Amino acid sequence: MPIETVARFLTALSPHDRERVEGMPRGEQERLAAAWEVELQQDTDLDTLSELSPPAAEHEAAERVVKHLFE
């Protein structure tokens, strides 16, 4: 997985969640970043948000991925 994908994923997170994810092993960060990319591609609600604000759509998808992890 390209490093840029993990970096983009981390950037999309809130500061609190970013800190939590940065403390994880690199492999887990890559797995979460891959899940984030899938969320961005498959969620049609995010398509509309992405047209209005790409950073907001990336943030929403990142928060969903992390929420599933920590629940």
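Bear in mind the structure is a predicted one, so any value in this text is a computation, not a measurement. We count residues from 1, following the sequence as given.
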**Report entry** Of all pairs that satisfy ring pair (Phe, Tyr, Trp, His ring centres under 6.0 Å), the ones with a partner from residues 17-37, not counting sequence neighbours
**Finding:** Phe9-Trp36
Report summary line: salt bridge (charged side-chain N to carboxylate O under 4.0 Å, His left out) filter on Arg64, not counting sequence neighbours, yields Glu39, Asp43, Glu60
Query raised in the report: Under 4.5 Å between any side-chain heavy atoms of Thr11 and Glu58, yes or no?
Result: no
Query raised in the report: Below 4.5 Å, heavy atoms only, C-beta onward: do Arg20 and Leu69 meet side chain to side chain?
Result: no
Query raised in the report: Can you name the residues that form a side-chain hydrogen bond (donor to acceptor under 3.5 Å, both in side chains) with Glu19, not counting sequence neighbours?
Result: none
Requested in this report: Kindly write out the residues that satisfy side-chain contact (heavy atoms from CB on, under 4.5 Å) with His59, not counting sequence neighbours, or none if the list is empty.
Outcome: Ser14, Glu63
Query raised in the report: Which heavy-atom pair separates Ala57 from Leu40 by the least distance, and what is that distance?
Result: O-CD2, 3.7 Å
Query - Leu32 to Met24 - nearest heavy-atom pair and separation - result: CD1-SD, 3.7 Å
Query raised in the report: So, does Gln29 use its side chain to make a donor-acceptor pair with the main chain of Val21 at under 3.5 Å?
Result: yes
Requested in this report: Not counting sequence neighbours, list each pair that qualifies as a ring pair (Phe, Tyr, Trp, His ring centres under 6.0 Å) and has a residue in residues 14-33.
Outcome: none
